[in-house]
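Shown next, in structure tokens, is the structure this report addresses.
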Amino acid sequence: MRIAVVGRGLIGSAAARHLTLMGHEVTLIGPSEPTEFATHNGPFGSHYDEGRITRGLDPYPFWSRVSLASISRYRDIEAASGVPFFNEVGAMMSGPADSDYVHSLETVMAGNGVMAERFDGAEIAARFPYFQFPDDTRAYYQPKEAGHISPRNLVRAQGIAATRGGAQIIDAEVLDVRDGVTGAVIKLAGQTLRFDRAIVAAGGFTNKLMDDALPLTVYARTVAMFRVTDAEAARLAWMPSLIHVYPTGEDPYLLPAIKYPDGHHYLKIGGDRVDIELTNDEDMRDWFRSGGSVEVGEMLTDMIRDRMPDLAIQEVVVKPCVTTFTPHNHPIIDMLGNHIAVAVAGCGRGAKNSDELGRLAAEAVMGRTDPDTRVPV
Ligand SMILES: Cc1cc2nc3c(=O)[nH]c(=O)nc-3n(C[C@H](O)[C@H](O)[C@H](O)COP(=O)(O)OP(=O)(O)OC[C@H]3O[C@@H](n4cnc5c(N)ncnc54)[C@H](O)[C@@H]3O)c2cc1C
């Protein structure tokens with residue numbers, strides 16, 4: 001079958017690879033990362049970064065399941081593409097010992113067979129001396145098959161593996177997608193392409209292409225990046241990725257020192273306290289062009305000083321991003337018409353498991369939708 005995938009992000013490029021493995025003739029369409037956010041007029045993606053936390057640990061069974069499935073294929077994707085993207089430094093999740101959050105983690109760990117070590121109170125700082133936690137904290141540390149991935153390199157790896165499997169790549173914005181009588185009709189500037197079927201995986205910009213048919217909420221997000229010296233990065237060499245849940249329910253995430261394309265190491269923290277909803281395409285583009293919120297950056301700086309009081313920070317940089325959510329807190333990966341499927345909504349956690357979400361999209365466009373990812377009614 002001739003199948004188009006719209007969106008060369010994490011889920012779209014994974015879907016393209018899986019479709020080639022299934023023997024289809026695949027065309028992957030979408031723009032590359034913009035070189036300059038402030039002057040870019042096309043759509044943006046949520047993967048323009050070097051660090052995303054990856055872990056099987058999760059308080060939600062669905063997200064743990066799809067993450068475990070993806071993580072088990074990371075090394076195969078690296079081998080198929082020649083692009084390394086996984087740094088197995090481990091991941092930790094923590095919160096008040098007697099909280100629903102920690103209890104849910106424990107239930108999912110037991111149900112999905114996630115291997116993690118438990119630390120309580122002062123034991124955490126004894127094992128991870130750069131962290132400070134409240135006394136009532138319980139932490140689970142997953143040392144293997146967890147850590148962080150480079151979302152940029154994962155997208156690159158999936159694209160290379162898909163191309164090696166026969167996929168064509170078109171570096172262009174899609175202007176319109178229609179469910180035609182005999183197939184999917186895709187409009188680019190200056191040309192119209194026809195396919196037997198199509199998957200739309202355009203992240204926060206998906207609803208624009210689907211005439212706002214999906215119950216998606218897109219939020220503006222700011223991350224703060226903390227530049228540290230190479231010596232400080234070396235001191236933190238085996239620091240795991242961390243998500244700590246406060247009694248208020250806030251759950252900022254923290255990535256260890258990662259080397260960025262400018263040659264410097266940065267730690268990164270995210271987890272806005274205020275949700276700013278972006279209701280249309282132009283708001284989203286404006287948000288990316290704005291560079292992010294300085295106020296949120298200051299709140300995040302307070303959070304990292306609270307968690308890592310000894311961290312020697314050289315500079316703080318803020319960056320914008322968006323996250324897409326659904327009412328059921330699962331992605332929507334389902335047919336929307338006779339020839340078009342959508343694969344959207346990482347719910348703030350769709351990088352680590354994007355390979356499995358892409359595989360589910362390849363199944364859905366063949367009419368085999370996973371019951372957990374249907375459009376909610
Ligand atoms: C700050 C931040 C931190 C995060 N941290 C984590 C984390 O630690 N762990 C984790 O697992 N997840 C994390 N996530 C979530 C994860 O990055 C997203 O869930 C993931 O990027 C979603 O993948 P996607 O393919 O749906 O969208 P994207 O990665 O955004 O890709 C969508 C693609 O569609 C393209 N596109 C849009 N419109 C069009 C069009 N009209 N025509 C053609 N192409 C189009 C875009 O250019 C883009 O390339 C984080 C997200 C953010 C914002």
- Item | Side-chain touch Glu117/Pro143, heavy atoms, less than 4.5 angstrom | yes
- Note on the structure: CG of Asn207 to CG of Leu216, rounded to nearest 0.5 Å, is 4.5 Å
- Message: Do Leu336 and Val344 sit in one hydrophobic cluster, given that two such residues count as connected whenever their side-chain heavy atoms are within less than 4.5 Å of each other, even indirectly?
- Response: yes
- Task: Give the cluster check for Leu68 versus Val66: same hydrophobic cluster or not, with ILVMFWY residues linked at side-chain heavy-atom distances below 4.5 Å.
- Result: no
- Query: Which distance, rounded to the nearest 0.5 Å, do you find between the CD1 of Ile269 and the CZ of Arg305?
  - Reply: 11.5 Å
- Message: Can a side-chain donor-acceptor contact be found between Asp58 and Ser64 if the only test is distance below 3.5 angstrom?
- Response: no
- Take the angle between the ring planes of Phe131 and Phe128 and call it parallel below 30°, perpendicular above 60°, tilted in between. tilted
- Would you find more than 12 non-hydrogen atoms of other residues, nucleotides or ligands less than 6.0 Å from Asp135 atom CG? no
- Verify the neighbour count for atom CG of Asp302: are there more than 12 heavy atoms of other residues, nucleotides or ligands below 6.0 Å? yes
- Message: Please tell me whether Thr54 and Tyr74 have a donor and an acceptor in their side chains that are separated by less than 3.5 angstrom.
- Response: yes
- Message: Please evaluate residues Arg227 and Asp262 with respect to the criterion salt bridge (Lys or Arg N to Asp or Glu O under 4.0 Å), reporting the C-alpha separation (whole Å), side-chain torsions for both, the decisive distance (0.1 Å), and the verdict.
- Response: CA-CA 11 Å; Arg227 182 163 62 80; Asp262 68 0; over 6 Å; no
- Message: Tell me whether Asp100 at atom CG has more than 12 heavy atoms from other residues, nucleotides or ligands lying less than 6.0 Å away.
- Response: no
- Side-chain heavy-atom pair Phe226, Met308 within 4.5 angstrom cut-off: no
- Item | Transitive ILVMFWY side-chain link Phe86 to Ile160, under 4.5 Å | no
- Side chain to side chain, Thr27 and Ile170, heavy atoms closer than 4.5 Å: yes
- Heavy-atom count around Tyr48 OH within 6.0 Å, excluding the residue itself: above 12? yes
- Task: Give a yes or no answer on whether the side chain of Arg55 reaches the backbone of Met92 with a donor-acceptor pair at less than 3.5 Å.
- Result: no
- Test of ring centre spacing under 6.0 Å for His244 and Tyr246: yes
- Message: Can you tell me how the ring of Tyr260 sits relative to the ring of Tyr266, calling it parallel under 30°, perpendicular over 60° and tilted otherwise?
- Response: perpendicular
- Any side-chain heavy atom of Ile186 sitting closer than 4.5 Å to one from Val6? yes
- Ser241 and His148: side chain donor to acceptor below 3.5 Å: no
- Message: With a sphere of 6.0 Å drawn around CD of Gln314, does it hold more than 12 non-hydrogen atoms of other residues, nucleotides or ligands?
- Response: yes
- Cluster overlap Met284 with Phe44, hydrophobic side-chain contacts below 4.5 Å: yes
- Query: Do Phe119 and Tyr140 have their ring centres less than 6.0 Å from each other?
  - Reply: no
- Please report the closest heavy-atom contact between Leu242 and Ile53, naming both atoms and the distance. O-CD1, 3.8 Å
- Glu250 versus Thr248, side-chain donor and acceptor atoms under 3.5 Å: yes
- Task: Might you point out which heavy atoms bring Glu356 and Ser70 nearest each other, and give the distance in Å?
- Result: N-OG, 2.8 Å
- Query: Does any donor atom in the side chain of His265 or Asp230 lie under 3.5 Å from an acceptor atom in the other side chain?
  - Reply: yes
- Given the rule in the salt bridge (Lys or Arg N to Asp or Glu O under 4.0 Å) test, do Glu50 and Arg152 qualify, once you have shown the distances and angles that lead to the verdict? CA-CA 6 Å; Glu50 294 301 331; Arg152 266 197 195 110; 2.7 Å; yes
- Message: Hydrophobic clusters here meaning ILVMFWY residues chained together by side-chain heavy-atom distances under 4.5 Å, can you tell me if Val26 and Met22 are in one?
- Response: yes
- Does Thr20 have any side-chain hydrogen bond (donor to acceptor under 3.5 Å, both in side chains) partners at least two apart in sequence or in another chain, and if so, which? none
- Looking only at heavy atoms, which two atoms of Tyr253 and Gly271 are closest? And how far apart? CE2-N, 3.9 Å
- Message: Please enumerate all residues that pass side-chain hydrogen bond (donor to acceptor under 3.5 Å, both in side chains) together with Asp355, with sequence neighbours excluded.
- Response: Arg17, His18, Arg73, Gln158
